[in-house]
Amino acid sequence: MQRAYRQKHAPRCGLWPSPASEPLFLLMSPIRTAGSLFLLTPPELVCLPVVAFLVAFHQNKALIGDRGLLPCKLYLRSVQNYFQGRIGWDAWSYAPTVMWLLDWSDMNFNLDLLALLGLGLSSFVLVTGCANMVLMAALWALYLSLVNVGQVCHCHYLRWESQLLETGFLGIFLCPLWTLSRLPKHTPTSQVILWGFRWLIFRIMLGAGLIKIRGDKCWLDLTCMDFHYETQPVPNPLAYFLHRSPWWFHRFETLSNHFIELLVPFFLFLGRRMCILHGVLQILFQVILIISGNLSFLNWLTIVPSLACFDDAALGFLFPSGAQGLKDRVLKLQNEEAQGIQPRLRYGCLVRRLVNLALGVLVAWLSVPVVLNLLSSRQIMNTSFSPLRIVNTYGAFGSITKERTEVILQGTASPNASAPDVVWEDYEFKCKPGDPWRRPCLISPYHYRLDWLMWFAAFQTYEQNEWIIHLAGKLLAGDAEALSLLALNPFEGRAPPRWVRGEHYRYRFSLPGGQHSAQGKWWIRKRIGPYFPPLCLDGLKDYFSAREWPLPEPHPGTA
């Protein structure tokens with residue numbers, strides 16, 4: 001059946017894969033099939049942008065808005081000043097974002113506008129199952145515009161930002177130019193796009209494998225998984241139990257990780273069957289990671305390029321065989337092809353072929369520094385060599401922390417922070433560990449950005465994470481936007497605290513069935529020392545002024 005399809009469509013558009021890797025006919029457009037929508041269409045076209053833009057809409061104002069922790073207006077002004085106050089090509093090439101074209105007097109409105117536009121377009125694709133190059137290019141440009149003003153909130157540590165942009169960029173060329181048909185007849189998937197996705201999953205997995213064996217000796221002595229479940233950014237409930245697995249199981253997990261990331265990627269080049277096996281193993285691996293941790297939409301996103309390992313014959317069984325269904329329509333097309341009905345050559349198809357070839361050359365050119373990085377003994381991970389983030393280098397958990405530390409923010413209403421009888425009350429974040437009695441949450445694919453930033457901050461000092469002092473000032477003022485990023489404000493319904501401090505704690509899982517577990521504790525924590533000293537709002541005025549941060553307006557009930 002695929003041979004007949006190639007005979008009909010090869011002169012029309014694109015470059016077909018070789019017989020060893022059949023075309024992704026069922027993957028070439030967003031087709032909404034009941035029960036199979038996520039697996040059988042590129043998820044970045046229908047699901048993941050919805051989550052990404054929803055996260056942006058809910059959190060960006062508090063993080064990078066006019067009165068956010070890291071106002072994007074200040075960032076854009078610093079870029080503008082660096083280029084002598086001009087918003088020209090240099091500024092655009094350094095930070096490509098449509099924010100340059102918008103009025104900066106109300107950045108909250110701009111951030112909401114971009115997020116809602118992206119949410120609306122991606123929701124349309126999700127609901128209708130239809131997309132074209134124009135829609136996908138708009139989604140890519142909108143998210144790129146948010147990422148490039150996000151600063152540490154969209155930093156390189158958050159691999160999924162660049163990975164979503166690279167996947168979305170390839171997704172543009174997966175769709176027809178204008179039409180919104182669920183089964184476009186004139187835009188079969190080209191070999192360039194097919195191998196673009198395969199090249200992406202190859203780099204993701206091999207980069208992750210290489211950075212591990214180069215970065216931390218525990219990956220070589222097979223002990224990393226003894227610590228990973230407890231020290232990962234945001235553990236989930238299953239991680240609590242997996243952490244207590246037998247030592248031999250952790251060794252098996254580590255060996256399996258090396259096999260999946262260092263050897264399996266090369267299956268892509270060993271023929272159709274091995275390529276399909278690669279896809280199956282990678283998807284199963286990502287599902288296991290989804291079950292065992294809260295890595296945002298990263299693992300869901302990594303499944304997307306793995307779908308390029310399959311062909312029509314491998315995917316066809318997933319589609320229902322009812323009348324007027326996708327499979328029925330495909331069969332009708334194939335029957336017409338079998339009868340020798342040949343379409344006339346289209347001019348647009350020649351243009352499309354040239355575009356695909358240009359894309360292949362572009363990806364190859366941008367891959368040069370990525371390949372050199374993979375081959376380097378000083379490999380860096382999760383880096384973009386271009387502000388457009390079209391081809392990036394990836395990696396994960398190049399080093400494993402052996403102990404979990406957390407920064408706990410506390411406030412007090414006492415006028416004297418050093419009084420012996422002062423009572424400090426804890427703020428709780430949405431998902432990161434805090435209250436030892438609180439069960440680890442399950443949020444994937446959603447992403448709480450501030451929780452992740454707090455995880456990174458615990459490895460460093462507050463001087464290296466000045467935004468945390470900005471957050472403390474907002475808590476002192478009872479700022480509603482900042483408090484929206486938290487799960488519990490202990491001063492709810494009363495005046496904000498007079499003082500806020502940061503305390504450093506060491507956390508470890510309680511033992512299932514043990515004394516602490518019997519008390520209902522999921523975590524056992526021990527104080528290490530202060531992270532930053534007690535702060536009051538008046539004492540932060542000069543600090544805020546020096547950084548051009550807007551001083552939080554005191555809550556009416558603040559003394």
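All values below were derived from every heavy atom in this structure, side-chain atoms included, with hydrogens, water molecules and symmetry-related copies excluded.
Here the two rings, on W522 and F509, have centers that are 6.0 Å apart or farther. Centroid-to-centroid, the aromatic rings of F202 and W199 come within less than 6.0 Å. Ring pair F397/H228: centre-to-centre distance below 6.0 Å. Taking the centre of each ring, Y229 and H243 stay at or above the 6.0 Å mark.
The local environment of NZ in K402 is crowded, with over 12 non-hydrogen atoms from other residues, nucleotides or ligands closer than 6.0 Å. Atom OH of Y82 is surrounded by 12 or fewer heavy atoms from other residues, nucleotides or ligands within 6.0 Å. Heavy atoms of other residues, nucleotides or ligands lying less than 6.0 angstrom from CD of Q464 number more than 12.
Under a 4.0 Å N-O distance rule, the pair R525/E403 does not qualify as a salt bridge. Here E481 does not pair with R67 in a salt bridge; the nearest charged N to carboxylate O distance is not below 4.0 Å. Under 4.0 Å is where a charged nitrogen must lie from a carboxylate oxygen, and between E503 and R527 at least one such pair does.
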> When you look at C72 and Q151, which way does the side-chain contact (heavy atoms from CB on, under 4.5 Å) test go after all the steps?
Replying inline: CA-CA 8 Å; C72 62; Q151 305 156 82; 4.3 Å; yes
> Run the side-chain contact (heavy atoms from CB on, under 4.5 Å) check on T412 and E425 step by step: do they pass?
Replying inline: CA-CA 6 Å; T412 181; E425 300 178 73; over 6 Å; no
>> Determine whether W424 and R501 satisfy the following criterion, side-chain contact (heavy atoms from CB on, under 4.5 Å), listing intermediate values before the conclusion.
In response: CA-CA 9 Å; W424 292 95; R501 70 179 185 180; 3.2 Å; yes
> Can N294 and S444 be said to form a side-chain hydrogen bond (donor to acceptor under 3.5 Å, both in side chains), step by step?
Replying inline: CA-CA 5 Å; N294 288 305; S444 179; 5.4 Å; no
>> The test is side-chain contact (heavy atoms from CB on, under 4.5 Å); show your working for V370 and R203 and say whether it passes.
In response: CA-CA 9 Å; V370 174; R203 285 182 286 114; 3.6 Å; yes
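Counting only distance, with no hydrogens or angles, the side chain of E406 and the backbone of A458 share no donor-acceptor pair below 3.5 Å.
Side-chain atoms of N416 and S418 include a donor-acceptor pair closer than 3.5 Å. N148 and T97 share no donor-acceptor pair across their side chains, judged by distance under 3.5 Å alone.
Cation-pi check for R547 over Y543 is met; the charged atom lies under 6.0 angstrom from the ring centroid and within 45 degrees of its normal. Under the 6.0 Å distance and 45° angle rule, R508 does not count as a cation-pi partner of W523.
The OG1 atom of T383 sits 8.5 Å away from atom CG of N392, with the distance rounded to the nearest 0.5 Å. With rounding to the nearest 0.5 angstrom, the OG1 atom of T302 is 4.0 Å from the CD atom of Q163.
Q282 and M205 make their closest contact through OE1-CE, 3.3 Å (heavy atoms, listed as atom of the first residue, atom of the second, distance). The two residues V234 and C441 make their nearest non-hydrogen contact at CG1-SG, 4.3 Å. Across every non-hydrogen atom of F429 and L471, the tightest pair is CZ-CD2, 4.4 Å.
Among I283, L289, I288, the one residue that satisfies the side-chain contact (heavy atoms from CB on, under 4.5 Å) test with Q286 is L289. Results of the ring-ring contact (aromatic ring centres under 6.0 Å, His included) test with Y143 over F169, F53, W160 single out F53 as the only residue that passes. Across L142, V149, N60, a single residue satisfies side-chain contact (heavy atoms from CB on, under 4.5 Å) together with L114, and that is L142.
The aromatic rings of F456 and W452 are tilted relative to each other, their planes meeting at an angle between 30° and 60°. Using a 30° and 60° split on the angle between ring planes, H58 and Y446 fall in the tilted class, from 30° to 60°.
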